[in-house]
Structure formats: C-alpha cells, structure tokens
S.K.: 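I'd like to ask you about the structure that follows.
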Amino acid sequence: MFGTLSDRLTSTFKNLRSKGRLTESDIDGTVRQIRRALLDADVAVPVVREFTGRVRERALSAEVSGALNPAQQVVKIVNDELVGILGGESRALNFAKTPPTVIMLAGLQGAGKTTLAGKLAKHLREQGHTPLLVAADLQRPNAVTQLQVVGERAGVPVYAPHPGIASEAEVPTGDPVEVSRGGVTEARAKLHDVVIIDTAGRLGVDQELMRQAADIREATQPDEVLFVIDAMIGQDAVNTAKAFLDGVDFTGVVLSKLDGDARGGAALSVASITGRPILFASTGEQLTDFEPFHPDRMASRILD
Ligand code: GDP
C-alpha cells in the first residue's frame, strides 16, 4: 500500500547521506519533501502539519551522535514520529472480566465489517475462545447470508434473524437492537465467551445509522467498539472517523484493505485524528488475511 510513500521518503533520505553535518536549510528542505510525500499519500492535513513540525524541531535539536550519521538520525526521528502517529504502543483486545466479551463493529457500508467479523472470529477461535457472531446488519440485502457464509468458513456459529438457520432459539426479526441484545443473551446461555456484532453501514455517514449504532451500543454495553475503516478512502477518512467518534464513539480501529494499492493516507491519519488505537489490519479477502496491528512494524515497513 505504501509503495510510493516509501520510495519518496527513501529518496529524500538518500539525498542526506553525503552530508557530514545538516544545516537548518538542509533540514527545512528535507521536511518540505516529507510534507509533500505525506500530502500526496492523502495523509490528513492536520496530521501532516503536526508530524513535520515535530520532525523539524527534533532534527534541529538533534545531538551529534557518534553512532548515527545525520541521515540515519533523520530516519530515526521520522521512524519514531511515524510510530507515534500510528498510535505508539500496540494494544490487544480488552476482554470482559465476566464473559461474554462483547465486540461491536461499526463503519461505512463496504468498509469490510462483515469480512472482518469472520477474520476476528477465526482468530479468536484459534486462540481458544468460543465466539458467537451476531448478524445485526439488517439493512443490506444479503448481509445476514454473507455473515453466515463467513461464519461457516471460520467455524463459528451465527446468531441471525432467520429462524432455523443459526439458532434453535426464537430470534427476533427486523430490529437490529433486539437482534444484538438477543445475541448477547444467546451467548450467555450457550457459554460463548465472545460476541461479535456485525452492524449495518451506509454509503455515507447519516444520522439514522449513527442512532442505530448508538442504540446497539447502549443495549449491549460492548467491551470494544471497533471502527472498521477502508484504508483506501483518502482524505474522507478524517470526516468519516470523526462522525463515528461523535455518533457512536469507539474504543479501537481496524484498518481494512491495507493490501490495496491506493495511497493509504487513512491508515496514517486515523489513530492520530481520533486518539484511538489501531488494533488490527485486514489485508485481503481471505479469512487468513488479518493481523494484529503493531505501529512499530508498520513504520519500519514504510521506511524499509
Ligand atoms: P461491510 O459492508 O462493511 O460489511 O464490508 P464487506 O465485509 O462486505 O466488504 C466489502 C468488500 O470488500 C467485499 O467485497 C470484501 O471481499 C472486500 N474486502 C473486505 N476486506 C478486505 C481487505 O482487507 N482487502 C481487500 N482487498 N478486500 C476486502
């Protein structure tokens, strides 16, 4: 995903290699190139401003170190600051003290929620958990069926508003809040220790969507609300993420479609804009294309 950005940063650093000492104007030139590379990669403007400001300040005040030449020093500063905007430390899922742990997924339609639900369910099952998927996306035709297909692939049952398919229990139809609540009750009764609720998205942010998601949150009191964002959406990432933060609030972010060849600015902006950590990355359509997110590894990948 970050091919172009990586190339541009690398060539910026290459220009510094022959320098024995960096003048203020060398640093300013470098920071300008970094700024342009980040903006061209669709990183949100305020994030770029803060990032380059900090890189400049640190580069200007960097001690001359015996171990690192000036170019290496700048690379190290950029690396540290990239780790910072990606959230700093990696963070694992929070589990409830008393099961079931409830994980709610939110995001725009097409962001990759349903796919992620399957990936997360499989990942948790492999770690010895007994997840239950809950089909609370009743908006999109086929969303329930899609979750059932994904659940089958992941080897995880699905609680869905279609009697006889997912559950012997009476499953409420029509109301996503009731389905979500029912899913948590079902998990408690059948001793599933994690519940993953797939919620509806819209093509654009709208009030009804936000209200529904907020109602599901209220009804199920999730331990995690994960905002799934398509890493390819560019500058829209800022407004979308802010709208979900205000409308539903969320505890963590999942970046999806990190395998794409778009510029990936969303991936580099969302943690910084929202102050919420990125927990996972989704990197393809298969259930195995999924990994816990580590800011330091992502920064190294970009600067490789
Ligand atoms: P939802 O509307 O948020 O539930 O999104 P879906 O899970 O249905 O995903 C929308 C489309 O994106 C589907 O065609 C998925 O196969 C695809 N998709 C989801 N995650 C990824 C990913 O990480 N990489 C790629 N390349 N495609 C993905």
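Below, each value reflects all heavy atoms present in this structure, side chains not excepted, and no hydrogens, waters or symmetry copies. This is a predicted model, so every value here is computed, not measured. We count ligands from 1, going down the list as the structure has it; atoms in each ligand are counted the same way.
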S.K.: Between Thr115 and ligand 1, does any nitrogen or oxygen pair lie at a separation below 3.5 Å?
M.R.: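 Yes - when backbone and side-chain N and O of Thr115 are compared with those of ligand 1, one distance drops under 3.5 Å.
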S.K.: Can a salt bridge be assigned to the pair Glu285 and Lys119 using a cut-off of 4.0 Å between side-chain N and carboxylate O?
M.R.: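 Salt bridge absent between Glu285 and Lys119.
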S.K.: Would you mind running through ligand 1 and noting each atom that sits below 4.0 Å from a heavy atom of Ala111?
M.R.: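 Matching atoms, with element in brackets: 3 (O), 5 (O).
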S.K.: Looking at Glu178 and Arg181, does any basic side-chain N land under 4.0 Å from a carboxylate oxygen?
M.R.: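 Result for this pair is yes, salt bridge flagged.
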S.K.: For atom 18 (N) of ligand 1, find the nearest protein heavy atom and state the residue, atom name and distance (0.1 Å precision).
M.R.: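 Of every protein heavy atom, Lys257 CE, 3.9 Å lies nearest to atom 18 (N) of ligand 1.
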S.K.: Mind checking whether Gly284 has an N or O less than 3.5 Å away from an N or O of ligand 1?
M.R.: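 Gly284 vs ligand 1: N/O contact under 3.5 Å present.
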S.K.: To the nearest 0.5 Å, what is the distance between CG on Asp42 and CE on Met232?
M.R.: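 Rounded to the nearest 0.5 Å, the CG-CE separation comes to 12.5 Å.
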S.K.: For atom 10 (C) of ligand 1, what's the nearest protein heavy-atom neighbour? Residue, atom name and distance, please.
M.R.: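 It is Gly110 O, 3.7 Å.
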S.K.: Hey, does Thr101 have a side-chain heavy atom less than 4.5 Å from the side chain of Asp193?
M.R.: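 No, every pair of side-chain atoms sits at 4.5 Å or beyond.
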S.K.: Could you check if a side-chain atom of Leu120 sits within less than 4.5 angstrom of a side-chain atom of Leu93, using non-hydrogen atoms only?
M.R.: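 A side-chain contact under 4.5 Å exists here.
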S.K.: Taking only heavy atoms of Gln146 into account, list the atoms of ligand 1 that are under 4.0 Å away from them.
M.R.: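 Counting atoms of ligand 1 from 1, those under 4.0 Å from Gln146 are 6 (P), 7 (O), 8 (O).
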S.K.: So is Gln109 polar-close to ligand 1, meaning N/O to N/O under 3.5 Å?
M.R.: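 No; every N/O pair is 3.5 Å or more apart.
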S.K.: Given Val228, Asp259, Asp289, which one has a non-hydrogen atom that is nearest to atom 24 (N) of ligand 1?
M.R.: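 The residue whose heavy atom sits nearest atom 24 (N) of ligand 1 is Asp259.
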S.K.: Where's the contact between Leu258 and ligand 1, heavy-atom distance under 4.0 Å: side chain, backbone, both or neither?
M.R.: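 No part of Leu258 comes within reach of ligand 1.
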S.K.: Is the closest basic N to carboxylate O distance between Asp137 and Lys113 below 4.0 Å?
M.R.: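 Lys113 and Asp137: not salt-bridged.
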S.K.: State, with a plain yes or no, whether a side-chain heavy atom of Ile278 is found less than 4.5 Å away from one of Met298.
M.R.: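 Result no, sub-4.5 Å side-chain heavy-atom pair not found.
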S.K.: Provide, to 0.1 Å, the distance between atom 27 (N) of ligand 1 and the closest protein heavy atom, together with that atom's residue and name.
M.R.: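 Looking at atom 27 (N) of ligand 1, the protein heavy atom closest to it is Glu285 CG, 3.4 Å.
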S.K.: So which bit of Gln286 gets within less than 4.0 Å of ligand 1, heavy atoms only: side chain, backbone, both or neither?
M.R.: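 Near ligand 1, Gln286 shows nothing, with every heavy atom at 4.0 Å or more.
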S.K.: I need the nearest protein heavy-atom contact for atom 4 (O) of ligand 1: residue, atom name and distance, please.
M.R.: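 For atom 4 (O) of ligand 1, the nearest protein heavy atom comes out as Thr114 OG1, 2.7 Å.
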S.K.: Above 12 or not: heavy atoms from other molecules or residues under 6.0 Å from CZ of Arg297?
M.R.: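 Result for CZ/Arg297: open.
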S.K.: For ligand 1, which atoms sit closer than 4.0 Å to a heavy atom of Thr283?
M.R.: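 So the atoms of ligand 1 that pass are 23 (O).
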S.K.: Answer yes if the side chains of Asp26 and Thr23 hold a donor-acceptor pair under 3.5 Å, and no otherwise.
M.R.: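 Yes, side-chain donor-acceptor contact under 3.5 Å.
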S.K.: Please say whether Lys113 places an N or O atom under 3.5 Å from an N or O atom belonging to ligand 1.
M.R.: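 Yes; the residue has a nitrogen or oxygen that sits under 3.5 Å from a nitrogen or oxygen of the ligand.
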S.K.: Any idea which atoms of ligand 1 are less than 4.0 Å away from a heavy-atom of Leu108?
M.R.: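 Near Leu108, the atoms of ligand 1 are 3 (O).
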S.K.: Output the list of atoms in ligand 1 that are nearer than 4.0 Å to some heavy atom of Lys119, sorted by atom number.
M.R.: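 What qualifies from ligand 1 is 23 (O).
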S.K.: Only distances under 3.5 Å count here; give the side-chain donor-acceptor pairs of residues 213-228 to other protein atoms, sequence neighbours excluded, each with its distance to 0.1 Å.
M.R.:
unit_1: Arg217; atom_1: NH1; unit_2: Val248; atom_2: O; d: 3.0
unit_1: Arg217; atom_1: NH1; unit_2: Asp249; atom_2: O; d: 3.0
unit_1: Thr220; atom_1: OG1; unit_2: Ile216; atom_2: O; d: 2.8
unit_1: Gln221; atom_1: NE2; unit_2: Glu218; atom_2: O; d: 3.1
unit_1: Asp223; atom_1: OD2; unit_2: Val102; atom_2: N; d: 2.7
unit_1: Glu224; atom_1: OE1; unit_2: Arg91; atom_2: NH2; d: 3.2
unit_1: Glu224; atom_1: OE1; unit_2: Thr251; atom_2: OG1; d: 2.5
unit_1: Glu224; atom_1: OE2; unit_2: Arg91; atom_2: NH1; d: 2.8
unit_1: Glu224; atom_1: OE2; unit_2: Asn94; atom_2: N; d: 2.7

S.K.: Tell me which protein heavy atom sits closest to atom 5 (O) of ligand 1, plus the residue, atom name and distance to 0.1 Å.
M.R.: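 Going by distance alone, atom 5 (O) of ligand 1 is nearest to Gly112 N, 3.0 Å.
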S.K.: Measuring only between side-chain heavy atoms, which start at C-beta, is Leu124 closer than 4.5 Å to Ile196?
M.R.: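 Yes. Closest side-chain heavy atoms under 4.5 Å.
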